[in-house]
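Some notes on the structure that comes next.
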There are 2 protein chains.
Amino acid sequence: MSVAEVVAGPVVTSLSIAEAAEATGLTTHTLRYYERDGLLLDAVDRASSGHRRYSQDDVGWIRMVTRLRSTGMPIREVRQYAELVRAGDGNEAERLQLLVAHRDRVRQQLAEVATHLEAIEYKIGLYERSTCTLT
Amino acid sequence: MSVAEVVAGPVVTSLSIAEAAEATGLTTHTLRYYERDGLLLDAVDRASSGHRRYSQDDVGWIRMVTRLRSTGMPIREVRQYAELVRAGDGNEAERLQLLVAHRDRVRQQLAEVATHLEAIEYKIGLYERSTCTLT
DNA sequence: GTGCGCCTTCGAGTGCACTCGAAGTCAAGC
DNA sequence: GCTTGACTTCGAGTGCACTCGAAGGCGCAC
């Protein structure tokens, strides 16, 4: 933070890589990795020192990326989506298509996991009963 | 299948590795890999030719393994569980503990994915509305 | 008896997503 | 002026779970 920021508060809140990591739950290593792999919308701004400064928009986008990632979207596909957004207006239908396809996959996978979970819970039920009768 | 099996039907239904793969949805490569990695309860029986013959119990266990795997249990932990079952009676409490821990992880992860999915669906809603107004 | 196809073992290769280490730079505090 | 610590780049390493390929064996159909 600059002296001006300390005195008057930040004009626009921007974050160091460590703060961005804190804010997004990623590591600094992963943040740099995402950037060089083209998952972010633009190269992150730099301070005069060359250090990255993450804007609120950057953080918002990274949160979207983590949502896509933690629902199982491959890096490659997140990059495609980022490329569409980067290309600007006019490809909303494509973006929509990509997200809808992902949504459908996630829903299906969620249902499958739920089914498997039920079977596991049934098994747990068996063990609980047998453990009861044993003790 | 032997001549006797063709004539009189199989005495005990046992499957070749290809049939077991078909029955479990795994590849023959993966079935061998699971066996050498200690995920199965015992070494699978062999025909006189040396070919593997999977019993119904084998297939049942492999189905359990795939349930655990596809809910995200690491190979290492499936192996631990298999070791407990292999050790025989007396460790049911441990098995139960392992399954319950897994169940809780799965439940939590399911809830997280559901939350992320909602956020993605919200985003889809935005795109759908903007695409409507555009066309 | 010969070709076919399925089986065997072994070890190496692949793809994904990080994850880490080394070597160097820069601003601030003592 | 010197240390400290957070940052930089680059490339290599890791862990996981398969996945594949090569080389060879067995038994059945023709």
Side-chain angles (χ1 to χ4, degrees), chain A residues 1-7 14-40 43-54 58 62 65-82 102 105 109 116, chain B residues 1-7 14-40 43-54 58 62 65-82 102 105 109 116:
Chain A
M1 258 185 225
S2 68
V3 173
E5 281 173 341
V6 170
V7 173
S14 74
L15 306 178
S16 72
I17 193 167
E19 289 163 338
E22 174 74 23
T24 58
L26 301 173
T27 68
T28 58
H29 280 298
T30 302
L31 283 173
R32 291 193 204 96
Y33 165 65
Y34 278 4
E35 187 176 344
R36 66 170 184 266
D37 236 45
L39 269 60
L40 305 192
V44 174
D45 283 349
R46 300 301 176 112
S48 58
S49 59
H51 292 191
R52 289 174 179 79
R53 320 271 26 217
Y54 290 80
D58 289 332
I62 293 164
V65 169
T66 59
R67 277 197 286 273
L68 294 174
R69 287 289 307 120
S70 58
T71 50
M73 184 182 284
I75 293 280
R76 170 179 13 96
E77 207 167 322
V78 177
R79 181 166 45 234
Q80 279 171 25
Y81 183 58
H102 179 60
R105 278 199 310 271
Q109 184 224 327
H116 289 313
Chain B
M1 260 185 221
S2 69
V3 173
E5 280 173 342
V6 170
V7 173
S14 74
L15 306 178
S16 72
I17 192 168
E19 291 164 337
E22 174 73 22
T24 58
L26 301 174
T27 66
T28 58
H29 280 299
T30 303
L31 283 173
R32 292 192 204 95
Y33 164 65
Y34 278 4
E35 186 177 343
R36 67 169 183 267
D37 234 48
L39 269 59
L40 305 192
V44 174
D45 281 350
R46 300 302 175 112
S48 58
S49 60
H51 293 189
R52 289 174 177 80
R53 320 270 28 218
Y54 290 80
D58 288 333
I62 292 164
V65 169
T66 60
R67 277 197 285 274
L68 295 173
R69 287 289 304 119
S70 58
T71 49
M73 185 184 282
I75 294 281
R76 172 180 11 96
E77 207 168 322
V78 177
R79 183 165 45 234
Q80 279 172 25
Y81 182 58
H102 180 59
R105 278 199 310 270
Q109 184 224 327
H116 289 312

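Throughout, protein chains are lettered first and strands after them, A, B, ... in sequence-line order, and every chain is numbered starting at 1.
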Inset, instruction - Could you pick out which residue, A/T27 or A/H51, lies toward the 5' side of DNA chain C when each is mapped onto its nearest nucleotide? - result: A/T27
Legend entry - Spatial distance of atom CD (A/E77) from atom CD (A/Q80) [nearest 0.5 Å]: 6.0 Å
Find the distance [X]:[atom1] to [N]:[atom2] and express it as a whole number of Å.
X     : N      : atom1 : atom2 : result
A/L31 : D/dC7  : CG    : C1'   : 13 Å
A/D37 : D/dC10 : CG    : P     : 14 Å
B/E35 : C/dC10 : CD    : P     : 12 Å
A/L15 : D/dC7  : CG    : C1'   : 15 Å
B/R53 : D/dG27 : CZ    : P     : 13 Å
A/I17 : C/dT19 : CD1   : P     : 14 Å
A/L26 : C/dT19 : CG    : P     : 10 Å

Legend entry - Phosphate OP1/OP2 of D/dT8: any A/R32 side-chain N/O under 4.0 Å: yes
Inset, instruction - Please check the phosphate of C/dC7 (OP1 and OP2 only) for any side-chain N or O of B/S16 closer than 4.0 Å. - result: yes
Could you list the protein-to-nucleotides 21-24 of chain D atom pairs, N/O on both sides, closer than 3.5 Å?
none

Which heavy-atom pair separates [X] from [Y] by the least distance, and what is that distance?
X      : Y     : answer
B/H102 : B/L68 : NE2-O, 3.8 Å
B/V65  : B/L39 : CG2-O, 3.9 Å
B/A18  : B/T28 : CA-CG2, 4.1 Å
B/R53  : B/R46 : CG-C, 3.8 Å
A/A82  : A/G38 : CB-O, 3.8 Å

Legend entry - Terminal helix-axis angle for the helix from C/dG1-D/dC30 to C/dC30-D/dG1, with five pairs defining each axis and rounding to 10 degrees: 10°
Could you check whether any side-chain heavy atom of [X] comes within less than 4.5 Å of a side-chain heavy atom of [Y], counting everything from C-beta outward?
X     : Y     : value
B/T24 : B/Y34 : no
A/L31 : A/Y54 : yes
B/R52 : B/L15 : no

Inset, instruction - Between protein and nucleotides 13-18 of chain D, map the contacts as a letter string: B base, S sugar-phosphate only, - none, heavy atoms under 4.0 Å, written 5' to 3'. - result: ---SBB
Inset, instruction - Establish, from distance only, whether the side-chain atoms of A/H116 and B/S70 form a donor-acceptor pair under 3.5 Å. - result: yes
Inset, instruction - Could you please spell out the steps behind the side-chain hydrogen bond (donor to acceptor under 3.5 Å, both in side chains) verdict for A/H51 and A/S16? - result: CA-CA 7 Å; A/H51 292 191; A/S16 72; over 6 Å; no
